[in-house]
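Any value given below was found using the heavy atoms of this structure, including those in side chains, with hydrogens, waters and symmetry copies removed.
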Amino acid sequence: MRIDSTPVQSLSSAFELRGDLTNGELVLTSPLGTVLAQARWDARGVQWQAGSETAVFANLDELAWRLTGTALPFAALWDWLRGMPTQAGGWQVNLQDYAQGRISAQREQPLPTATLRIVLER
């Protein structure tokens, strides 16, 4: 993901995603396979754990905002991962390389701009 800021921020990790918007788990790992962080969510909220630090958020949107400084289109993201070009406010998804396991999305508005790139393992 790229977020326009001063200085420019770049976040990169591997991830495993299970579940859906109402109940699920996300595990972020380093390129060497070390678990960097985990998030688990259900109707009660989101629990985030990174190392020895734990935080609780009301929902996935709040988690994304706190961690990246920008909103992410979670409802559309689940569809994008299935190859469905669902519209999301301000985001343009590119599924042209979906068959090769690549998804990209760009947000121009609202600022800051953000780029999301996903490579799927099948």
Side-chain angles (χ1 to χ4, degrees):
M1 169 181 289
R2 191 185 110 253
I3 303 168
D4 284 347
S5 63
T6 305
V8 171
Q9 295 179 31
S10 179
L11 307 171
S12 180
S13 79
F15 69 93
E16 289 182 38
L17 180 64
R18 295 179 191 91
D20 57 31
L21 282 172
T22 56
N23 293 289
E25 177 182 29
L26 172 68
V27 178
L28 300 174
T29 57
S30 74
L32 298 175
T34 304
V35 173
L36 301 171
Q38 284 183 289
R40 289 186 177 96
W41 59 92
D42 59 26
R44 296 170 293 180
V46 180
Q47 182 176 1
W48 172 259
Q49 183 174 0
S52 61
E53 296 182 34
T54 301
V56 176
F57 300 95
N59 53 48
L60 289 170
D61 293 329
E62 182 183 356
L63 170 70
W65 184 258
R66 291 276 186 89
L67 295 179
T68 68
T70 192
L72 296 174
F74 283 105
L77 180 59
W78 253 263
D79 287 346
W80 298 347
L81 292 171
R82 287 187 237 121
M84 299 168 29
T86 300
Q87 296 294 313
W91 288 84
Q92 296 296 317
V93 66
N94 180 348
L95 297 173
Q96 177 180 343
D97 296 324
Y98 181 78
Q100 290 77 38
R102 291 184 176 83
I103 300 169
S104 65
Q106 178 78 30
R107 187 189 71 199
E108 295 295 330
Q109 294 294 327
L111 293 175
T113 63
T115 301
L116 178 64
R117 291 184 186 96
I118 299 171
V119 177
L120 303 171
E121 286 185 14
R122 298 181 186 196

Discussion item. Give me the atom names and distance for the closest heavy-atom approach of V46 to A39.
Written reply: CG1-CB, 4.3 Å

Fill in: Whether W80 side chain and A105 backbone form a donor-acceptor pair below 3.5 Å
no

Worksheet item: Is the backbone of A64 close enough, under 3.5 Å, to the side chain of T68 for a donor and an acceptor to pair up by distance?
Response: yes

Worksheet item: If you round to the nearest 0.5 Å, how far is CG of D20 from CZ of F74?
Response: 13.5 Å

Practice prompt. Check the pair I103 / L120 against side-chain contact (heavy atoms from CB on, under 4.5 Å), numbers first and verdict last.
Written response: CA-CA 8 Å; I103 300 169; L120 303 171; 4.0 Å; yes

Practice prompt. May I have all residue pairs that pass salt bridge (Lys or Arg N to Asp or Glu O under 4.0 Å) and include part of residues 81-105, sequence neighbours excluded?
Written response: D79-R82

Item to complete: Provide the closest heavy-atom pair for Q96 versus Q100 in the form atom of the first, atom of the second, distance.
Response: O-OE1, 4.2 Å

Item to complete: Give the intermediate values and the outcome of side-chain contact (heavy atoms from CB on, under 4.5 Å) for residues L60 and L21.
Response: CA-CA 8 Å; L60 289 170; L21 282 172; 4.2 Å; yes

Fill in: Side-chain donor-acceptor pair present, Q106, T115, cut-off under 3.5 Å
yes

Worksheet entry | Minimum side-chain heavy-atom gap W41-T22 below 4.5 Å | no

Worksheet item: Honestly curious: do L17 and M84 fall in one hydrophobic cluster under the side-chain, below-4.5 Å linking rule?
Response: no

Fill in: Gap separating the CH2 atom of W91 from the CD atom of Q109, nearest 0.5 angstrom
12.5 Å

Discussion item. If hydrophobic clusters are built by linking Ile, Leu, Val, Met, Phe, Trp and Tyr wherever their side-chain heavy atoms come under 4.5 Å apart, do V119 and L26 end up in the same one?
Written reply: no

Response to the item:
In this structure, OG1 of T86 is separated from CG of L77 (nearest 0.5 Å) by 10.5 Å

Item to complete: Return each pair, listed once, that meets side chain to side chain donor-acceptor pair (under 3.5 Å) where at least one residue sits in residues 43-61; pairs must be two or more places apart or across chains.
Response: D42-R44

Practice prompt. Mark yes or no for whether Y98, through its side chain, and L81, through its backbone, hold a donor-acceptor pair below 3.5 Å.
Written response: yes

Worksheet item: Which atom names give the shortest non-hydrogen contact between T29 and S13, and what distance separates them?
Response: O-CB, 3.3 Å

Practice prompt. Mark yes or no for whether W78, through its side chain, and G19, through its backbone, hold a donor-acceptor pair below 3.5 Å.
Written response: yes

Discussion item. With a 3.5 Å distance limit and no angle check, can you tell me whether R107 reaches the backbone of P73 through a side-chain donor-acceptor pair?
Written reply: no

Practice prompt. Would you mind listing the cluster partners of V27? Hydrophobic ones only (ILVMFWY), side-chain contacts under 4.5 Å, chaining allowed.
Written response: V35

Worksheet item: With hydrophobic residues grouped by side-chain heavy-atom distances under 4.5 Å, do L28 and W65 end up in a single group?
Response: no

